[in-house]
**Q** 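I'd like to ask some things about the structure below.
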Amino acid sequence: MSQSHAVADTVAELALTGDLTRPVRLTVPDLLAWPQHEADVSFECTTSGMRHHRFTGPLLHDVLSAAGPLFDPARRKDRLRFLIAVSGADGHHALLSWAEIDPDFGRAPVLLAATIDDTLLDRGGPQLVLPQDRCGARHISGINAIRVDGGYASWA
């Protein structure tokens with residue numbers, strides 16, 4: 001098999017890192033093991049106008065919760081200091097707060113999309129989808145890293 005053919009058959013991975021008890025590397029096939037959610041999304045893209053897509057995938061909250069964020073369970077609000085940094089293979093980045101995706105707070109249905117318009121994203125990698133955003137700026141394609149950071153214990 002040629003080197004270029006081997007690279008073309010590679011399945012993209014994303015690394016979950018940071019303040020987690022179980023950091024892990026995941027592929028789109030791994031994400032398909034979680035309960036799947038659908039989102040019909042319309043967002044305004046500055047370069048190509050209105051875009052309409054159907055995405056499926058697990059909730060970001062479910063995937064990150066399974067990785068064991070290092071919250072202090074005795075302090076309910078401890079999780080509010082955690083930030084989530086998402087990076088794409090193309091250099092795009094987005095930052096979310098844990099409270100934004102937590103069911104006890106913002107409950108935003110943020111997806112780690114495994115498909116777009118019924119097409120599997122296994123080679124390009126999952127996509128960050130924020131159905132509630134009118135603008136597509138926080139939509140990240142080809143996610144290669146998600147870092148959970150709870151290092152904001154003091155604001156003084």
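If you're wondering where the values come from, they're calculated on a predicted model, not measured in any experiment. All values below come from the heavy atoms of this structure, side chains included, with hydrogens, waters and symmetry mates left out. Along the sequence shown, residues are numbered consecutively beginning with 1.
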**Q** What I'd like to find out is whether the side chain of L31 reaches to under 4.5 Å of the side chain of Q36, using heavy atoms alone.
**A** no

**Q** Using modelled atom types only, decide if a donor and an acceptor are shared between the side chain of T21 and the backbone of G68 within a distance under 3.5 Å.
**A** yes

**Q** Kindly determine whether W34 and L26 satisfy side-chain contact (heavy atoms from CB on, under 4.5 Å), including the steps that lead there.
**A** CA-CA 12 Å; W34 269 274; L26 298 170; 4.3 Å; yes

**Q** Provide the closest heavy-atom pair for G18 versus R147 in the form atom of the first, atom of the second, distance.
**A** CA-NH1, 3.1 Å

**Q** Are any of the side-chain heavy atoms of L16 and R22 separated by less than 4.5 Å?
**A** no

**Q** Could you report the tightest heavy-atom contact between A12 and G124, atom names first, then the distance?
**A** CB-C, 3.9 Å

**Q** Quick one: CD1 on I140 to CD on Q127, what's the gap to the nearest 0.5 Å?
**A** 10.0 Å

**Q** Going by heavy atoms in the side chains, are P103 and H61 under 4.5 Å from each other?
**A** yes

**Q** Considering residues, nucleotides and ligands other than R107, do more than 12 of their heavy atoms fall under 6.0 Å from its CZ?
**A** no

**Q** If the test is side-chain contact (heavy atoms from CB on, under 4.5 Å), which one of L128, V129, D133 qualifies with V110?
**A** L128

**Q** To check you understand the geometry: which heavy-atom pair defines the closest contact between M50 and S42, and what is its length?
**A** CE-CB, 4.0 Å

**Q** Do L64 and V148 make a side-chain contact, defined as non-hydrogen atoms from C-beta onward lying under 4.5 Å apart?
**A** yes

**Q** Please round to the nearest 0.5 Å and tell me the distance separating atom CG of L95 and atom OG of S87.
**A** 10.0 Å

**Q** How about F82 and D19: do any of their side-chain heavy atoms sit closer than 4.5 Å?
**A** yes

**Q** Could you go step by step and tell me if F55 and V41 meet the side-chain contact (heavy atoms from CB on, under 4.5 Å) rule?
**A** CA-CA 8 Å; F55 295 94; V41 178; 3.9 Å; yes

**Q** Taking atom OG1 of T56 and atom CD1 of I116, what is their separation to the nearest 0.5 Å?
**A** 10.0 Å

**Q** State, to 0.1 Å, how close V11 and P29 come at their nearest heavy-atom pair, and which atoms those are.
**A** CG1-CD, 4.1 Å

**Q** Taking all non-hydrogen atoms of both residues into account, name the closest pair between C135 and F43 and its distance.
**A** C-CB, 4.1 Å

**Q** Hey, does L111 have a side-chain heavy atom less than 4.5 Å from the side chain of E38?
**A** no

**Q** Give the intermediate values and the outcome of side-chain contact (heavy atoms from CB on, under 4.5 Å) for residues H53 and H139.
**A** CA-CA 12 Å; H53 296 288; H139 178 96; over 6 Å; no

**Q** To check you understand the geometry: which heavy-atom pair defines the closest contact between L14 and P126, and what is its length?
**A** CD2-CG, 3.3 Å

**Q** Is any side-chain N of the basic residue among R54 and D118 closer than 4.0 Å to the acidic one's carboxylate O?
**A** no

**Q** Could you give me the CA-CA distance, side-chain angles and deciding distance for W98 and L83, then say whether side-chain contact (heavy atoms from CB on, under 4.5 Å) is met?
**A** CA-CA 6 Å; W98 188 273; L83 298 175; over 6 Å; no

**Q** Answer yes if V24 and I101 sit in the same cluster of Ile, Leu, Val, Met, Phe, Trp and Tyr residues linked by side chain heavy atoms under 4.5 Å apart, and no otherwise.
**A** yes

**Q** Salt bridge check: are R79 and D104 linked by an N-O gap of less than 4.0 Å?
**A** yes

**Q** Would you check, one step at a time, whether the test side chain to side chain donor-acceptor pair (under 3.5 Å) holds for D30 with T27?
**A** CA-CA 5 Å; D30 296 329; T27 63; 3.2 Å; yes

**Q** CZ of R134: more than 12 outside heavy atoms within 6.0 angstrom?
**A** no

**Q** Roughly how far apart are L60 CG and I146 CD1, rounded to 0.5 Å?
**A** 5.5 Å

**Q** Taking everything shown except H92 itself, do over 12 heavy atoms lie less than 6.0 Å from its NE2?
**A** no

**Q** Can you find a pair of side-chain heavy atoms, one from L121 and one from T115, that are under 4.5 Å apart?
**A** no

**Q** Any donor and acceptor pair, going by atom type alone, linking the side chain of H93 with main-chain N or O of G91 inside 3.5 Å?
**A** yes

**Q** Do N144 and E13 touch side chain to side chain, with heavy atoms closer than 4.5 Å?
**A** no

**Q** With rounding to the nearest 0.5 Å, note down the distance linking CG in D40 to CG in D117.
**A** 9.0 Å

**Q** According to a hydrophobic-cluster definition based on side-chain heavy atoms being under 4.5 Å apart (Ile, Leu, Val, Met, Phe, Trp, Tyr only), do I143 and L20 belong together?
**A** yes

